[in-house]
Amino acid sequence: MTKHIFVTGGVVSSLGKGLTSAALGLILERRGLKVSVQKLDPYINVDPGTMSPFQHGEVYVTDDGAETDLDLGHYERFTNAKLTKESNYTTGKIYQSVIRKERRGDYLGRTVQVIPHITDAIKEAIHAGVSDEDVDVAITEIGGTVGDIESLPFLEAIRQFALELPAEDVLFVHITLLPFLRASGEMKTKPTQQSVGKLREIGIQPDILICRTEQPMTEDMARKISLFCNVRRKAVIEERDVENTIYEVPVELVRKNLDRIVAAHLHLPSDEPTDLSDWEAMIQRFMAADKECEIAVVGKYIELHDAYKSIYESLDHAGIANGAKVKLRKVGAESLCDQGTQLLEGIDGLLVPGGFGERGLEGKINAIQWARENGIPFFGICLGMQCAVIEVARNLMGLEEAHTLEHTPHTPDPVIHLMESQEEVSDKGGTMRLGAYACRLAEGSRARELYGRAEISERHRHRFEVNNDYRERLTRAGLTLSGTNPELDLVEIVELRDHPFFIGVQFHPEFKSSPLHPHPIFRGFVAAAVAHSASRGAASRPREESRV
Ligand code: GLN
């Protein structure tokens, strides 16, 4: 029988519920259990695929091609949970399924209502989120904040869900904030009390309270919270902001006994200790890193860290693998159009991530030309790879007007064009080339050397691709087409040989990197950037992140 943990949040959003859920998953795995992790999002979009990154942050893609919330990235980086289309449901997706049934006549004769029809569909979604029969613990995070109107059906559904299971098979974890009032020098428990009050009104009594705080929670406060919120003292847990890396969160939670409290409540085997030794060793390596490099990420959404979350995480993982601190220089693609490549002076590597639309495109192409001509390590992802192909076509093949059809539908040289399967597509949601596809790597290529394998699988999210009509000419111009899709014969990886590091990939490697298993291309890219930094004797440069 699978046991269930529900994670809710109160007081404010952005408390790190996703991170805490992921950390909890890791902790349980390190006690020898099999977990699945799922997110329920109360907004009405069917999935976040059609939302601007400014609204929602990055769209995370699973192997089976679901466009999902970025918290699923945390789940995959921390745990081995198998994530699929069933791992992320929104209000829109739930209503879509209920309305489809209504139209089909499945409810013939009945009035379709939030209770029981929507709540039943949510309960089915929770069951569907349990990836395999032998999952010991399924963690379900409820997005949003308790008290939001749109969260109500989800909270009602988990209340009902709990009723249908033995008490020791369900655990409610509520994450709240203990704000610190500078003026009075005090931390306040009232918002936590009110948030738990809201939950109890709905009929949910949290079993564990995780209190996010900047300052230490005193024993007095913990007792007060326990008393007012009806939660045992030992289950009121402090989760203080970590100092160095988010990967410290699970270690801190174990230090606060979260593992034992969960195990006791769910009647899980309790004699096994939580073995986080490899995780702690990874944190040690992160702390001990004594090399450094500075990498410019040139994108449209650099103001919002979450817009490129998995990319930044993957760079950190690669830093750990190389014993280096990776300093980020976040450069707006549009400022590159206005101010030119001087914004890139002094960097050790250029990363151009994925994106959509035309804004800032020329800035990205100029940046890539600059990196190519100056021997600066370059890594292009999806749109970044497409820009690299345009750059090579324009400047090495002499096709001055080469472009992508996404941007210039009438270019004489559409080196990037629409995939055939996309030509008739009119809906925007869920219709791109999505999810995992195989890719064959060319013998003797850098990609093959980095992966150490001849065939790989990587995740995709795009409509456009390299135009095969230009393959021969691109190759003659010096571009190695080092990765191709064996079934569809699409170009997946391009690289330049006579360059310290110049690789573009049509897929999204950032979705498959984790701190214990850094992605091979990120690892190679950061290694090249570290070598570049060392060759310039860069040890004395400052370390903070900068934004241009
Ligand atoms: N806009 C490009 C396409 O659809 C690239 C997509 C991406 O970078 N994810 O092909």
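Basis for what follows: all heavy atoms, side chains included, without hydrogens, waters or symmetry-related copies. Atoms within a ligand are numbered from 1 in the order they appear, just like the ligands themselves.
Relative orientation of the His317 and Tyr247 rings is tilted, given thresholds of 30° and 60° on the angle between their planes. Aromatic ring pairs are classed by plane angle as parallel below 30°, tilted from 30° to 60° and perpendicular above 60°; the pair Tyr308 and Tyr301 is tilted.
Proximity of a side-chain donor or acceptor of Asn485 to a complementary backbone N or O of Leu488 within less than 3.5 Å is detected.
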Put together the list of close N/O pairs, under 3.5 Å, between ligand 1 and the protein, could you?
{"unit_1": "ligand 1", "atom_1": "1 (N)", "unit_2": "Gly355", "atom_2": "O", "d": "2.9"}
{"unit_1": "ligand 1", "atom_1": "1 (N)", "unit_2": "Glu406", "atom_2": "OE1", "d": "2.8"}
{"unit_1": "ligand 1", "atom_1": "1 (N)", "unit_2": "Glu406", "atom_2": "OE2", "d": "3.0"}
{"unit_1": "ligand 1", "atom_1": "4 (O)", "unit_2": "Arg463", "atom_2": "N", "d": "2.9"}
{"unit_1": "ligand 1", "atom_1": "8 (O)", "unit_2": "Gly355", "atom_2": "N", "d": "2.9"}
{"unit_1": "ligand 1", "atom_1": "8 (O)", "unit_2": "Gly355", "atom_2": "O", "d": "3.4"}
{"unit_1": "ligand 1", "atom_1": "8 (O)", "unit_2": "Leu383", "atom_2": "N", "d": "3.0"}
{"unit_1": "ligand 1", "atom_1": "9 (N)", "unit_2": "Arg461", "atom_2": "O", "d": "2.9"}
{"unit_1": "ligand 1", "atom_1": "9 (N)", "unit_2": "His508", "atom_2": "NE2", "d": "3.2"}
{"unit_1": "ligand 1", "atom_1": "10 (O)", "unit_2": "Gln386", "atom_2": "NE2", "d": "3.1"}
{"unit_1": "ligand 1", "atom_1": "10 (O)", "unit_2": "Arg463", "atom_2": "N", "d": "3.2"}
{"unit_1": "ligand 1", "atom_1": "10 (O)", "unit_2": "Phe464", "atom_2": "N", "d": "2.8"}

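With Arg77 as the fixed residue, the side-chain hydrogen bond (donor to acceptor under 3.5 Å, both in side chains) test singles out one of Ser514, Ser314, Ser310: Ser310. The only member of Glu465, Gln386, His460 that meets side-chain hydrogen bond (donor to acceptor under 3.5 Å, both in side chains) when paired with Gln506 is Gln386.
Note that the CZ atom of Phe525 and the NE2 atom of His519 stand 13.5 Å from one another [nearest 0.5 Å].
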